[in-house]
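What follows is one structure encoded as C-alpha cells, with my remarks underneath.
Nothing fancy with the numbering, it's 1 onward along the sequence. Values in this document were obtained by computation on a predicted structure and should not be read as measured data.
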Amino acid sequence: MTVRSYSLLILAAWLNAVFWCSMPIVGWAGYAPDPTGATCTINWRQNDASFISYTMAVIAVNFVVPLCVMFYCYYSVTVTVRRYKASNCLDCINMDWSDQMDVTKMSIVMIVMFLVAWSPYSMVCLWASFSDPKTIPAPMAIIAPLFAKSSTFYNPCIYVIANKKFRRAITGMIRCQTRQRVTINTQVPMTISQQPLTQ
C-alpha cells in the first residue's frame, strides 16, 4: 500500500457516497423527514419500484459487498496463519505477532460494529420494500437511522481503544510532536510471501 493507493481508496469512498446520496435528488427514490422530523432519510413510506430498486442496490453495494469483502479478507488471513503454524514458519518470520493479534481482534470488533450499525437500517428498508411500511414500529423507525448515522463514530473509538500505535500517534498529534518524534514502527517484512509453506 502506498500513499497513492490510499488516496485512490479514499477518493473511491467519497465518490461512492456522493453517488448514492445524490441519486434521490435526481429522482431515484426520494428523501423525506424521518419519523422524528429532525433529519432527512430515504422516503421508505413510499415503497414504489424506484424505492425498491434503490434500496436493493444500496444494500447490495454498501452492505452485502463490504461484509463479504471483510469476511473474505479475514478468512484468508486466518487460513494463511494456520498454514504458517502447520509448517512451523511463524518463528522464522520477523514479525511481532502480538501486534498482529491485536489488529485481528480490532478487525473483528469493527465487523461486529458494522453489523450493529447497519443491520437495523437494512432491515427497516427491506421491511418497507416487501411489506407495508406503516406496520414498521415507530421506535424501530427512529432507532435504525440513528444507529446507521452513528457508524462513523465507532471506528475511530475502536482504533483509539484497541490499537497502541494509533493511540501513540494521536497522543503525539495532540502534543504537536513532529512525525519523527512519534516512534511508530510501520515496517512489515515483505519477505513473508516468499517463505515456503511446506517442509
Can you confirm whether Phe153 is buried at CZ, in the sense that more than 12 heavy atoms of other residues, nucleotides or ligands lie under 6.0 Å from that atom?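 Result for CZ/Phe153: open.
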
Step through the shown structure and confirm whether more than 12 heavy atoms of other residues, nucleotides or ligands are within 6.0 Å of CZ on Phe147.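 No.
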
Which residue pairs pass the side chain to side chain donor-acceptor pair (under 3.5 Å) test when at least one of the two sits in residues 138-147, sequence neighbours left out?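 Every pair satisfying side chain to side chain donor-acceptor pair (under 3.5 Å) with a residue in residues 138-147: there are none.
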
Going hydrophobic residue to hydrophobic residue with side-chain gaps under 4.5 angstrom, can you get from [X] over to [Y]?
X     : Y     : result
Leu9  : Val3  : no
Phe19 : Met56 : yes
Ile42 : Val26 : yes

Pairs under 3.5 angstrom only: tabulate donor-acceptor contacts from the side chains of residues 119-130 to other protein residues two or more places apart or in another chain.
| from | atom 1 | to | atom 2 | distance (Å) |
| --- | --- | --- | --- | --- |
| Ser119 | OG | Leu115 | O | 2.7 |
| Tyr121 | OH | Thr41 | OG1 | 2.9 |
| Ser122 | OG | Trp118 | O | 2.9 |
| Trp127 | NE1 | Thr135 | OG1 | 3.0 |
| Ser129 | OG | Cys125 | O | 2.8 |

By the rule that ILVMFWY residues connect when side-chain heavy atoms come within less than 4.5 angstrom, directly or transitively, which residues belong alongside Leu146?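 Its cluster partners, ordered by chain and number, are Ile142.
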
Under 3.5 Å, sequence neighbours excluded: what are the donor-acceptor pairs made by side chains of residues 57-77?
| from | atom 1 | to | atom 2 | distance (Å) |
| --- | --- | --- | --- | --- |
| Asn62 | OD1 | Asn16 | ND2 | 2.8 |
| Tyr74 | OH | Ser107 | OG | 3.0 |
| Ser76 | OG | Tyr72 | O | 2.9 |

Nearest-0.5 Å distance that lies between atom CE in Met23 and atom CD1 in Ile25: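 The distance works out to 9.0 Å.
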
Listed by chain and number, what are the side-chain hydrogen bond (donor to acceptor under 3.5 Å, both in side chains) partners of [X], not counting sequence neighbours?
X      : result
Thr2   : Ser5
Ser53  : Trp28
Tyr154 : Ser150

Looking at Pro24 and Cys21, what are the two nearest heavy atoms and their distance?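 Closest approach of Pro24 to Cys21, heavy atoms only: CD-O, 3.6 Å.
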
What pair of heavy atoms forms the shortest contact from Gly27 to Ser50, and how long is it?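 Smallest heavy-atom distance, with atoms named: O-OG, 3.6 Å.
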
For the pair Tyr54 (side chain) and Trp20 (backbone), establish whether a donor and an acceptor sit closer than 3.5 Å, ignoring hydrogens and angles.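 Judged by distance alone, yes, a pair lies under 3.5 Å.
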
Compare all side-chain heavy atoms of Asn43 with those of Phe51 and state whether any distance is below 4.5 angstrom.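 Not touching, per the 4.5 Å side-chain cut-off.
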
